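In what follows, a single structure is set out as structure tokens and then discussed.
Everything numeric here is computed off the predicted structure, so don't read it as measured data. Below, each value reflects all heavy atoms present in this structure, side chains not excepted, and no hydrogens, waters or symmetry copies.
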Amino acid sequence: KLVSNYLHIPISLLKAKTRKREVVYARHLTMSTLRSQTKISLVTIGKAFNRDHTSVIHAMDHIRDLIFSDPIVKRDVENITKLIEQ
């Protein structure tokens, strides 16, 4: 819900099969955040988004790579982390 609100993407779209760039980014960011900030398993996260665990691994790898190459992604991850810690 936090990432959904932060990026202004409805939760229903995060779970949808759409491949629109902004939705995929939000979905990847949400999956990566869930994995890094909780002890929820890859399988459970995948099921929440109607995906399998390999999709979650791909999302985590993709966001990790973008953090180093895209300052906007780095800022988003930092801001979301701060919101979680509040």
Side-chain angles (χ1 to χ4, degrees):
K1 185 174 179 179
L2 189 133
V3 176
S4 172
N5 290 338
Y6 180 80
L7 294 175
H8 309 290
I9 304 283
I11 293 173
S12 59
L13 272 181
L14 294 178
K15 296 180 178 186
K17 291 290 183 182
T18 183
R19 292 185 179 190
K20 289 184 178 180
R21 180 174 293 180
E22 62 274 5
V23 176
V24 171
Y25 172 66
R27 184 183 307 125
H28 283 185
L29 188 57
T30 304
M31 289 180 179
S32 179
T33 301
L34 279 169
R35 184 61 178 168
S36 67
Q37 298 293 321
T38 69
K39 295 180 189 252
I40 300 173
S41 73
L42 296 172
V43 172
T44 303
I45 294 169
K47 284 182 182 178
F49 292 90
N50 301 314
R51 306 286 193 289
D52 65 17
H53 73 284
T54 60
S55 297
V56 180
I57 294 169
H58 172 74
M60 292 167 44
D61 291 345
H62 186 233
I63 294 298
R64 184 196 64 231
D65 293 344
L66 286 176
I67 286 171
F68 294 108
S69 63
D70 188 336
I72 293 171
V73 175
K74 182 176 181 178
R75 183 204 62 210
D76 287 346
V77 169
E78 289 171 351
N79 288 342
I80 289 167
T81 303
K82 286 177 187 173
L83 289 171
I84 290 170
E85 292 172 353
Q86 288 182 354

Under the side chain to side chain contact (heavy atoms under 4.5 Å, CB included) test, which residues partner [X], sequence neighbours left out?
X: Leu7; result: Val3, Ile9, Tyr25, Ala26, Leu29, Asp76
X: Leu83; result: Leu2, Tyr6, Gln86
X: Lys20; result: Thr18, Glu22, Val23

Only pairs under 3.5 Å count here: list side-chain donor-acceptor contacts from residues 49-59, not counting sequence neighbours, and write none if there are none.
residue: Asn50; atom: ND2; partner: Lys15; partner atom: O; Å: 3.3
residue: Arg51; atom: NH1; partner: Phe49; partner atom: O; Å: 2.7
residue: Arg51; atom: NH2; partner: Ala16; partner atom: O; Å: 3.1
residue: Asp52; atom: OD1; partner: Thr54; partner atom: N; Å: 3.1
residue: Asp52; atom: OD1; partner: Thr54; partner atom: OG1; Å: 2.6
residue: Asp52; atom: OD1; partner: Ser55; partner atom: N; Å: 3.2
residue: Asp52; atom: OD1; partner: Ser55; partner atom: OG; Å: 3.4
residue: Asp52; atom: OD2; partner: Thr54; partner atom: OG1; Å: 3.4

Could you work out, with side chain to side chain donor-acceptor pair (under 3.5 Å) as the rule, every residue matching [X], not counting sequence neighbours?
X: Arg75; answer: none
X: Asn5; answer: none
X: Ser12; answer: none
X: Asp65; answer: none

Please list, chain by chain and in numerical order, all residues satisfying salt bridge (Lys or Arg N to Asp or Glu O under 4.0 Å) with Asp70, sequence neighbours excluded.
-> none
Ile45, Val43: one ILVMFWY side-chain cluster at the under-4.5 Å cut-off?
-> no
What ring pair (Phe, Tyr, Trp, His ring centres under 6.0 Å) pairs are there with at least one residue in residues 65-86, not counting sequence neighbours?
->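 Residue pairs passing ring pair (Phe, Tyr, Trp, His ring centres under 6.0 Å), neighbours aside: none found.
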Would you indicate whether the side-chain heavy atoms of Lys74 and Leu66 approach each other to under 4.5 Å?
->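 No, every pair of side-chain atoms sits at 4.5 Å or beyond.
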Got a sec, which pairs hit side-chain hydrogen bond (donor to acceptor under 3.5 Å, both in side chains) with one end in residues 26-37, sequence neighbours left out?
->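 side-chain hydrogen bond (donor to acceptor under 3.5 Å, both in side chains) check on residues 26-37 returns His28-His62.
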So salt bridge (charged side-chain N to carboxylate O under 4.0 Å, His left out) across residues 37-48, not counting sequence neighbours, yields none
Thr81 side chain to Val77 main-chain N or O, any donor-acceptor pair under 3.5 Å?
->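 Answer holds: yes.
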